Amino acid sequence: MAMRTVLTATMIALLTGTALAEDDCNLPMATWQPREAVRAMAEARGWRLQRIKIDDGCYEIHALDANGQRFEAKIDPATLQIIEIEHEREHGHR
């Protein structure tokens with residue numbers, strides 16, 4: 001019975017880890033677009049870029065949208081496609 005519990009716990013840990021890693025960008029740096037391309041993409045969308053950083057192997061930008069609302073976006077570094085956007089609510093909470 002203890003072996004079944006260990007196997008179940010191991011499977012849950014593996015599946016959870018896989019799910020959490022899905023929003024990571026595991027691409028070789030040679031395939032990445034430069035930061036200036038990220039800046040140009042943001043400006044083309046009407047965003048006012050405040051910060052570009054790297055998080056989990058992806059570009060992460062902090063910006064204001066056309067309505068002045070703050071948000072963070074996770075960007076694929078090779079294609080510059082948006083992976084995720086989180087808008088901040090009042091007082092800096094998401």
Side-chain angles (χ1 to χ4, degrees):
M1 189 59 123
M3 184 61 146
R4 176 179 271 172
T5 303
V6 170
L7 288 174
T8 301
T10 302
M11 290 302 295
I12 290 171
L14 289 173
L15 293 173
T16 303
T18 301
L20 293 174
E22 287 180 8
D23 63 349
D24 292 355
C25 301
N26 297 315
L27 302 167
M29 291 290 287
T31 65
W32 285 37
Q33 300 272 343
R35 287 178 183 257
E36 284 307 312
V38 177
R39 182 176 306 284
M41 180 274 295
E43 290 173 357
R45 293 176 175 269
W47 299 344
R48 286 190 300 161
L49 197 58
Q50 296 179 318
R51 181 178 182 194
I52 301 173
K53 68 178 194 172
I54 297 170
D55 185 42
D56 294 329
C58 304
Y59 280 123
E60 181 178 289
I61 63 170
H62 296 236
L64 299 173
D65 65 16
N67 297 320
Q69 185 172 354
R70 293 179 190 275
F71 69 94
E72 290 180 9
K74 187 174 273 195
I75 310 294
D76 182 292
T79 65
L80 301 184
Q81 290 188 355
I82 300 166
I83 296 169
E84 177 183 9
I85 293 181
E86 283 186 27
H87 282 86
E88 293 184 8
R89 293 184 230 150
E90 288 184 43
H91 306 294
H93 296 95
R94 291 184 199 130

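Because the structure is a prediction, the values reported are computed rather than measured.
- The minimum heavy-atom distance between E88 and Q69, with the atom names listed, is O-NE2, 3.2 Å.
- Taken from CD1 in I82 to NZ in K74, the straight-line distance is 13.5 Å, to the nearest 0.5 Å.
- Here the closest heavy-atom approach between residue I83 and residue C58 is recorded as CD1-SG, 4.0 Å.
- Minimum heavy-atom separation, C25 to D76: SG-CA, 4.2 Å.
- A donor-acceptor pair is defined here as one N or O able to donate and one able to accept, closer than 3.5 Å; such a pair exists between the side chain of Q33 and the backbone of A78.
- W32 approaches L27 most closely through the heavy-atom pair NE1-O, 3.4 Å.
- Of all non-hydrogen atoms in M41 and L80, the two that sit nearest each other are CE-O, 4.1 Å.
- Under the 4.5 Å side-chain criterion, counting only non-hydrogen atoms from C-beta, R70 is not in contact with H87.
- By the 30° and 60° cut-offs, the orientation of the rings of W47 relative to F71 is perpendicular.
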Q.
The test is side-chain contact (heavy atoms from CB on, under 4.5 Å); show your working for I85 and E72 and say whether it passes.
A. CA-CA 6 Å; I85 293 181; E72 290 180 9; over 6 Å; no

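- For the pair R35 and I52, the tightest heavy-atom approach, listed with the atom from each and the gap, is NH1-O, 2.9 Å.
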(Q) I'd like to know whether D65 forms a salt bridge (Lys or Arg N to Asp or Glu O under 4.0 Å) with R48, so could you lay out the CA-CA distance, the side-chain angles of the two residues, the decisive distance to 0.1 Å, and finally the verdict. (A) CA-CA 7 Å; D65 65 16; R48 286 190 300 161; over 6 Å; no

Q | Chi angles and distances behind the side-chain contact (heavy atoms from CB on, under 4.5 Å) call for E60, R51 | A | CA-CA 8 Å; E60 181 178 289; R51 181 178 182 194; over 6 Å; no

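- Atom CD of residue Q50 and atom CD1 of residue I61 lie 10.0 Å apart, to the nearest 0.5 angstrom.
- Here the straight-line distance linking atom CD1 of I75 with atom CD1 of I54 works out to 13.0 Å at 0.5 Å rounding.
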